[in-house]
Colleague: 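Got a structure for you, questions after.
Below, read A as the first sequence line, B as the second, and so on, with proteins coming before strands; counting in each chain starts at 1. Side chains are part of it too, since the values below use all heavy atoms of this structure and drop only hydrogens, waters and symmetry mates.
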Number of protein chains: 2
Amino acid sequence: MTTIKDVAKEANVSVATVSRVLNQSGYVNNNTKKRVEQAIERLDYQPNSVARSLFKKESKTIGFIVPDISNPFFPMLVRAAEDYLNKKGFTIILCNSDEEIEKEQEYLNVMKQKYVDGVIAVSNHLTKEQVESYPMPIVALDRPIEGDIPSFSVDNRAGGVMATEYLKEIGCRKIAHIRGPEQVLNATERYKGYVDVVGNEKWFSSSLVVHGEYDKKIATQVAKKLLQEQPDIDGVFAGNDMMALGVLKAAEELELHVPEDVAVIGFDGIDLTEMTSPELSTISQPLFDVGTKAAMALVDMIQGRNLSETKNLFPLTLMKRQSTIFRKEV
Amino acid sequence: MTTIKDVAKEANVSVATVSRVLNQSGYVNNNTKKRVEQAIERLDYQPNSVARSLFKKESKTIGFIVPDISNPFFPMLVRAAEDYLNKKGFTIILCNSDEEIEKEQEYLNVMKQKYVDGVIAVSNHLTKEQVESYPMPIVALDRPIEGDIPSFSVDNRAGGVMATEYLKEIGCRKIAHIRGPEQVLNATERYKGYVDVVGNEKWFSSSLVVHGEYDKKIATQVAKKLLQEQPDIDGVFAGNDMMALGVLKAAEELELHVPEDVAVIGFDGIDLTEMTSPELSTISQPLFDVGTKAAMALVDMIQGRNLSETKNLFPLTLMKRQSTIFRKEV
DNA sequence: ATGAAAGCGCTAACAT
DNA sequence: ATGTTAGCGCTTTCAT
């Protein structure tokens with residue numbers, strides 16, 4: 001591999017001069033500049049980023065921690081961020097945490113040693129203290145962190161309200177909720193939104209809320225049980241789209257028609273929701289936008305700019321699709 | 001950040017000694033070793049990987065080039081590789097190429113400068129020469145590269161045969177094929193497998209093959225047109241699962257029943273295929289295994305070991321699901 | 001068994 | 001406008 005020294009020799013200048021033209025810093029005569037550029041060309045020289053990182057204490061890479069990239073909710077977020085970051089000259093390190101606190105810590109540690117310039121994290125465990133003591137900026141995605149750590153997410157409670165109200169609106173008279181994991185804040189918020197709307201209904205009962213763990217298979221099981229035990233349930237708000245798919249499957253197995261017998265709505269708006277039959281109604285997050293904005297903010301922080309907002313809430317959209325849309329006409 | 005120097009001072013030894021205990025290399029007295037370890041503990045010292053990389057010309061990171069992580073085919077591959085690599089102390093840089101040759105080159109370049117230790121690539125453009133002249137080992141995923149570049153994929157042609165024969169077996173008498181992009185080798189192989197089986201049928205005609213570009217929307221359109229123009233088509237082999245979903249949608253829009261009116265089978269076996277209704281029959285690839293094995297091989301190469309195989313073909317499994325399974329009884 | 005010192009490739013004072 | 005040099009934090013000869 002050719003180094004800056006080789007180029008200097010080839011162009012008959014010092015390494016400092018080469019570095020200057022490389023970084024467009026300081027003065028350098030136009031002719032020498034040309035000589036250097038030609039030398040670079042001839043030798044096909046490419047600066048060594050590791051050496052540069054060592055000196056500058058930055059690496060032009062950022063870390064992205066997700067629970068599991070094979071969960072359909074995350075790829076779009078990552079893709080969006082990568083798109084922007086790549087344009088800005090950054091490369092991204094992908095970390096799958098499985099929501100395990102130890103893995104997250106380990107990744108953060110390793111990345112610190114690699115001089116990552118910042119990290120984007122989807123995590124429930126990250127604390128204010130931890131983020132603040134981390135040498136590089138961190139922004140939170142999907143799940144906000146206490147304090148004024150920048151975060152990019154949606155108003156999950158409002159989304160829960162939106163979904164549940166919609167079910168009421170289309171005529172559902174007994175609405176169940178398949179909620180996400182206890183430890184996941186947004187799951188609890190969505191649940192709260194549901195309760196906000198139906199908590200005072202005469203038919204409401206805590207038996208209408210079951211745990212689906214954001215998992216399709218589990219949701220299928222619990223939904224099946226629920227729909228069997230309470231056949232008068234005519235609407236289900238699932239805490240995320242995967243679980244909504246589980247409900248669809250449960251309904252199918254029970255030979256219930258969606259939406260005629262039971263209307264189903266999910267949350268997140270992943271691509272999958274358009275691919276099922278019936279297509280799934282959902283509270284849609286602008287995932288690409290969320291990912292992009294988080295990346296933009298992180299770059300701003302890296303470059304020392306101040307953020308105008310720390311808590312960024314993105315708009316939710318009610319997508320009325322087949323799993324609810326015909327309900328009105330029943 | 002505390003450095004090796006700080007530790008040396010704290011332990012009253014030279015940096016060389018600290019380095020020795022860090023790397024468990026060379027001789028070091030048991031007592032001094034203990035002193036150093038205590039100093040490391042006290043100062044909470046963590047070696048700087050960038051400095052180490054500069055010297056060792058390795059970074060403990062590997063690059064992973066995929067066309068688009070938001071395409072459901074890829075996350076599992078990446079996840080599998082990351083799992084293994086993380087265990088081995090590597091971190092992964094994710095690159096979205098969009099199948100664009102320029103982006104691939106750019107990523108390879110950037111990663112070279114970052115001293116990545118190797119790369120896993122899903123690419124149609126990579127040539128033998130390019131891979132051989134690259135300073136770090138590269139393995140190919142999903143799409144083999146000419147020469148003896150290690151690759152990890154499936155026998156797509158055999159899979160095409162398998163899918164098509166299965167459709168014949170269950171009684172389909174006019175089978176169409178929605179093929180993937182012309183430039184993608186595996187798409188052509190799958191197409192060939194289809195022709196192998198039905199090319200000599202009296203009903204066969206090139207009009208039964210249409211281009212779906214591995215895209216659900218496009219597949220929906222072309223499938224709809226095809227099924228309208230040739231209503232006697234009673235079986236469709238889609239070149240991948242996304243397009244098979246498109247076919248499902250097309251059938252629905254035409255009010256055709258799957259599998260009664262037309263049987264549908266896909267290819268790849270992504271998770272999505274179990275979530276649709278009807279569930280989608282498919283030729284399933286062992287994606288997790290493919291990703292893992294590719295990562296294992298890459299690590300072997302990085303560590304200078306010889307691979308026993310360069311062309312690794314993984315077994316395909318015919319998944320009989322609702323989109324074909326009842327066909328027999330018709 | 002331990003230390004001194006060179007060097008990985010680059011950047012940024014500081015000189016000239 | 002250009003060159004000299006120290007130093008980023010580490011590893012590894014080479015001495016001792």
Colleague: For the pair A:Asp289 and A:Lys293, find out whether any cationic side-chain nitrogen is under 4.0 Å from an anionic carboxylate oxygen.
Modeller: yes
Colleague: May I have the list of side-chain donor-acceptor pairs in residues 88-96 of chain B shorter than 3.5 Å, sequence neighbours left out?
Modeller:
none

Colleague: Are any non-hydrogen side-chain atoms of A:Val50 and B:Val50 less than 4.5 angstrom apart?
Modeller: yes
Colleague: Atom CE of B:Met1 and atom P of D:dG7: how far apart are they, to the nearest Å?
Modeller: 21 Å
Colleague: Can a side-chain donor-acceptor contact be found between B:Tyr134 and B:Asn109 if the only test is distance below 3.5 angstrom?
Modeller: no
Colleague: Could you work out, with side chain to side chain donor-acceptor pair (under 3.5 Å) as the rule, every residue matching B:Asn86, not counting sequence neighbours?
Modeller: A:Tyr107
Colleague: Below 4.0 Å from chain B heavy atoms, what is the first contacting nucleotide of DNA chain C and what is the last?
Modeller: C:dA1 to C:dG9
Colleague: Tell me what A:Asp6 touches on the nucleic acid: a base, only sugar-phosphate, or nothing, going by heavy atoms under 4.0 Å.
Modeller: nothing
Colleague: Whole Å only: how far is the CD atom of B:Glu58 from the P atom of D:dG9?
Modeller: 20 Å
Colleague: Provide, to the nearest angstrom, the distance between the CD atom belonging to A:Gln113 and the C1' atom belonging to D:dC10.
Modeller: 13 Å
Colleague: Let me see the working for A:Arg52 and A:Asn23 under side-chain contact (heavy atoms from CB on, under 4.5 Å), right down to the final yes or no.
Modeller: CA-CA 11 Å; A:Arg52 181 175 285 172; A:Asn23 298 287; 3.7 Å; yes
Colleague: The test is side-chain contact (heavy atoms from CB on, under 4.5 Å); show your working for B:Gln38 and B:Leu43 and say whether it passes.
Modeller: CA-CA 9 Å; B:Gln38 283 165 1; B:Leu43 301 179; over 6 Å; no
Colleague: Could you list the residues that satisfy salt bridge (charged side-chain N to carboxylate O under 4.0 Å, His left out) with B:Asp117, not counting sequence neighbours?
Modeller: none
Colleague: Which residue pairs pass the salt bridge (Lys or Arg N to Asp or Glu O under 4.0 Å) test when at least one of the two sits in residues 8-20 of chain A, sequence neighbours left out?
Modeller: A:Glu10-A:Arg42
Colleague: Of the residues in residues 25-36 of chain A, which ones touch DNA chain C at a heavy-atom distance under 4.0 Å?
Modeller: none
Colleague: Rounded to whole Å, please give me the gap between NZ in A:Lys5 and P in D:dT4.
Modeller: 12 Å
Colleague: Is there a donor-acceptor contact under 3.5 Å from the side chain of B:His125 to the main chain of B:Glu99?
Modeller: yes
Colleague: Quick one about A:Asn124 and A:Gln183 (side-chain donor to acceptor, distance below 3.5 Å, no hydrogens or angles considered), yes or no?
Modeller: no
Colleague: Just how far, in rounded Å, is C1' of D:dT4 from CD1 of A:Ile4?
Modeller: 14 Å
Colleague: Atom CD1 of A:Ile145 and atom OG1 of A:Thr310: how far apart are they, to the nearest 0.5 Å?
Modeller: 11.5 Å
Colleague: Can you give me the bend angle of the helix from C:dA1-D:dT16 to C:dT16-D:dA1? Use the axis through the first five pairs and the one through the last five, nearest 10 degrees.
Modeller: 50°
Colleague: Which parts of residues 16-23 of chain A get close to DNA chain D, meaning a heavy atom less than 4.0 angstrom away?
Modeller: A:Ala16, A:Thr17, A:Arg20
Colleague: Looking at residues at least two apart in the chain, or sitting in another chain, which of them share a side chain to side chain donor-acceptor pair (under 3.5 Å) with B:Ser153?
Modeller: none
Colleague: Please identify each residue that fulfils side chain to side chain donor-acceptor pair (under 3.5 Å) with A:Glu146, with sequence neighbours left out.
Modeller: none
Colleague: To the nearest Å, how far apart are B:Ile40 CD1 and D:dC10 C1'?
Modeller: 13 Å
Colleague: For DNA chain D, which residues of residues 46-57 of chain A approach it to below 4.0 angstrom with any heavy atom?
Modeller: A:Leu54, A:Phe55, A:Lys57
Colleague: What are the two closest non-hydrogen atoms of A:Leu77 and A:Leu141, and how far apart are they?
Modeller: CG-CD2, 3.6 Å
Colleague: Identify all side-chain donor-acceptor contacts of residues 61-75 of chain A below 3.5 Å with residues at least two apart in sequence or on another chain.
Modeller:
| from | atom 1 | to | atom 2 | distance (Å) |
| --- | --- | --- | --- | --- |
| A:Asp68 | OD1 | A:Ser70 | N | 2.9 |
| A:Asp68 | OD1 | A:Ser70 | OG | 2.9 |
| A:Asp68 | OD1 | B:Arg79 | NH1 | 3.1 |
| A:Asp68 | OD2 | A:Ser70 | OG | 3.0 |
| A:Asn71 | OD1 | A:Phe73 | N | 2.9 |

